[in-house]
Amino acid sequence: MSDFKPKSDFLRTLIERGYIHQCSDYAGLDEKAVSGDLVAYIGFDCTAASLHVGSLVQIMMLHWLQKSGGKPVPLMGGGTTRVGDPSGRDESRKILTLDDIENNKNGIKSVFSKFLKFGDGKHDALMIDNAEWLTTLNYIEFLRDVGRHFSVNRMLSMDSVKMRLDRDQELSFLEFNYMCLQAYDFVELNKRYGITLQMGGSDQWGNIVTGIDLGRRMGTPQLYALTSPLLTTSSGAKMGKTAQGAVWLNADMLPVYDYWQYWRNTEDRDVGRFLKLFTTLPLDEIERLEQLGGAEINDAKKILATEATALIHGREAAEQAELTARKTFEEGVTATSLPTVEIAAVEVAAGLGILSAFVKAGLVASTSEARRQIKAGGLRVNDEAASDERANLGADLFVHDGAVKLSLGKKKHILLKQV
RNA sequence: GGGGGAAUGUCCCGAGCGGCAAAGGGGGCGGACUGUAAAUCCGCUGGCUAUGCCUUCGCAGGUUCGAGUCCUGCUUCCCCCA
């Protein structure tokens, strides 16, 4: 791959910025991209009400595709989510209800409009749900038309299946069918929308290639596969998971400020890589930022945080988050734009214990944990270390525009506001 | 169908002579050091109206002053024989 010289903007950008793990046919795909009618899709499961940072690489690939003259298609897995992808799972997924799936789908949809331009034009993005064709499939017909092209022998040798079998873990027939449906999606999308490229995370390689294979047998034009590397931080942790939970992309599930903070706390070694993947800054600018060493690298992290946040939440909100962080960390001032939790004034008047205040703010899970944190010196009220677990938060402490600043550790701050 | 083994702290792995809120690790959180980084070191890692009370070792019973530990039945998983 390193010696491949792409002619298309699309492949060049993806290669330069580090999005590519594997591609089924660089030269062929390059030709297709140059011709200007490359339509590509990425499937997204509807297993949660929002996508998280782990899906961001995929979304960015669609973004670059559109920027370089292709047509991006985010595919909602409204149909396949009813089955459940066993890839990378060593346990069966729990089966979601149709209502859940529908809700999740609606939550996920909203994020794409931030990255893609939708419409009816040739290069406008198109949102499709595979429920469109999967839910009306007739079993017998499907088996005759599609099922006969699948070799169980080969399916058994696929990593996702083999892993389960090797470990003697249950793999239901339902899940076993997932790859057939995903392969069929690819073929159906080609017929309906002229899609010739499927992208995805590296764990999707097997599923995607199976689709290409099915396409060949069912008479589609040549299809292509392109996968992105599985992202981990330099210390080996999976991207997008923190103790509080996933780093969600929807603002109603994770405050913009927290999203900004997530990127601000990037490890030194990851800054360059993440700037390329998660911002649209030009490469020469990124190269300059990568050169920064020592404490100066913090400037690069701030740029990363603001740029990455601006892409999804808008520049204004991103700069607001940056400002809030600067006040909080560098100037030691309490910014009223910190994430806020509301509490009824009567509760404060009735005597609000410090322990339950931290629980209400969501900084700790239980009063017992709050007690422990006080012993460890981890809790602060208006920047003063809390030492008395029996203390009450009187109304006189709510000095920041009717709110009191509660902190856990050095980084997590919440304003508890009387209403 | 027969024989043997397993299930432990609601993140995971895992020890546990009848006295157990239950060893140890990973992960996570907090503290120290720093640069809101990494590495390192230290502490914490069931709940509550808290010198006490409540709930936890697959499920349901039983023996016992006392059961994660012993007995019976059940469920699920694994291994061997058929």
Side-chain angles (χ1 to χ4, degrees), chain A residues 88-92 94 164-172 232-247 255 257-275 289-290 292-306 308-309 321-335 338-339 347 350-381 383-392 405-414:
Chain A
R89 285 295 188 123
D90 50 10
E91 250 170 56
S92 295
K94 75 167 194 262
R164 292 276 190 93
L165 294 180
D166 288 351
R167 298 198 201 161
D168 287 311
Q169 275 158 339
E170 177 79 6
L171 176 70
S172 70
T232 55
T233 70
S234 291
S235 0
K238 260 190 210 146
M239 289 278 304
K241 293 280 172 67
T242 68
Q244 276 76 41
V247 180
Y257 173 77
D258 290 342
Y259 188 76
W260 192 92
Q261 281 296 323
Y262 174 75
W263 294 107
R264 173 64 246 262
N265 285 309
T266 297
E267 293 177 28
D268 286 9
R269 289 175 292 177
D270 292 326
V271 172
R273 195 159 58 105
F274 286 1
L275 279 166
L289 293 170
E290 272 186 293
L292 298 175
E296 277 193 317
I297 199 164
N298 283 321
D299 294 331
K301 290 186 191 181
K302 286 177 211 164
I303 291 171
L304 167 64
T306 302
T309 305
E322 184 174 4
L323 181 70
T324 303
R326 197 170 65 233
K327 279 188 185 167
T328 307
F329 286 96
E330 292 170 30
E331 297 166 16
V333 180
T334 300
L338 282 170
E347 279 193 69
L352 176 66
I354 186 168
L355 299 175
S356 50
F358 274 93
V359 173
K360 282 206 163 62
L363 287 169
V364 294
S366 65
T367 60
S368 296
E369 190 187 336
R371 258 177 248 271
R372 278 185 231 115
Q373 289 293 3
I374 284 179
K375 279 198 197 93
L379 298 187
R380 276 170 298 141
V381 177
D383 297 314
E384 291 208 19
S387 54
D388 180 9
E389 59 183 48
R390 295 174 178 234
N392 274 350
K405 180 186 182 187
L406 304 180
S407 312
L408 168 66
K410 292 194 174 64
K411 293 189 196 170
K412 278 163 241 145
H413 310 281
I414 292 281

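The chains referred to below are lettered A, B, ... by the order of the sequence lines, with proteins before strands, and numbering in each begins at 1.
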How long is the line joining [atom1] of [X] and [atom2] of [N], in whole Å?
| X | N | atom1 | atom2 | answer |
| --- | --- | --- | --- | --- |
| A:Ile374 | B:C44 | CD1 | C1' | 14 Å |
| A:Leu275 | B:A37 | CG | C1' | 14 Å |
| A:Lys302 | B:A37 | NZ | P | 13 Å |
| A:Glu296 | B:U36 | CD | P | 14 Å |
| A:Arg273 | B:A37 | CZ | P | 19 Å |
| A:Glu331 | B:U36 | CD | P | 14 Å |

(request) Could you classify B:C20 for me, syn or anti, using a glycosidic angle within 90° of 0 as syn? (result)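 The base of B:C20 is oriented syn (glycosidic angle within 90° of 0).
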(message) Using a 4.0 Å heavy-atom cut-off to protein, can you give one letter per nucleotide of nucleotides 30-35 of chain B, 5' to 3': B if the base is in contact, S if only the sugar-phosphate is, - if neither?
(response) SSS--B
(message) Please determine whether side chain to side chain contact (heavy atoms under 4.5 Å, CB included) holds for the pair A:Leu408 and A:Leu379, giving the CA-CA distance in whole Å, both sets of side-chain angles, and the decisive distance to 0.1 Å.
(response) CA-CA 5 Å; A:Leu408 168 66; A:Leu379 298 187; 3.7 Å; yes
(message) Side chains of A:Trp260 and A:Thr306 only: does a donor on one sit below 3.5 Å from an acceptor on the other?
(response)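 Checked: A:Trp260/A:Thr306 side chains pair up, N/O donor to acceptor below 3.5 Å.
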Which one is paired to [N], where only Watson-Crick or G-U wobble pairs with both distances under 3.5 angstrom count?
| N | answer |
| --- | --- |
| B:A6 | B:U76 |
| B:G1 | B:C81 |
| B:C70 | B:G62 |
| B:U40 | B:A32 |
| B:C11 | B:G26 |

(request) Please figure out whether A:Val359 or A:Phe329 has its closest RNA chain B nucleotide nearer the 5' end. (result)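 Whichever sits nearer the 5' end wins; that is A:Phe329.
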(message) Taking only side-chain N and O atoms of A:Thr328, does any of them lie within less than 4.0 angstrom of OP1 or OP2 on B:U36?
(response)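 A:Thr328 to B:U36 OP1/OP2: no side-chain N or O under 4.0 Å.
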(message) Strictly below 4.0 Å: does A:Arg371 bring a side-chain N or O up to OP1 or OP2 of B:U45?
(response)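 For A:Arg371, the contact criterion (side-chain N or O under 4.0 Å from OP1 or OP2 of B:U45) is not met.
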Side-chain donor-acceptor pairs of residues 292-303 of chain A under 3.5 Å, sequence neighbours excluded:
from: A:Asn298; atom 1: OD1; to: A:Arg264; atom 2: NH2; distance (Å): 2.4
from: A:Asn298; atom 1: ND2; to: A:Ala295; atom 2: O; distance (Å): 3.3
from: A:Lys301; atom 1: NZ; to: A:Thr266; atom 2: O; distance (Å): 2.8
from: A:Lys301; atom 1: NZ; to: A:Asp268; atom 2: OD1; distance (Å): 2.8
from: A:Lys302; atom 1: NZ; to: A:Glu330; atom 2: OE2; distance (Å): 3.0

(request) Describe the nucleic acid contact of A:Gln261 in one word from base, sugar-phosphate, nothing, applying a heavy-atom distance below 4.0 Å. (result)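 Contact class for A:Gln261: base.
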(request) Report which part of the nucleic acid A:Ser366 touches: base, sugar-phosphate, or nothing (heavy-atom distance under 4.0 Å, all strands). (result)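 Sugar-phosphate: the residue A:Ser366, judged by heavy atoms under 4.0 Å, touches backbone atoms but no base.
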(message) From C-beta outward on A:Arg372, which listed nucleotide comes closest to its side chain: B:A37, B:C44, B:C48?
(response)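 Output: B:C44.
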(request) Indicate yes or no for a side-chain donor-acceptor contact from A:Ser356 to the backbone of A:Val359 under 3.5 Å, with no hydrogens or angles considered. (result)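 It does not hold such a pair.
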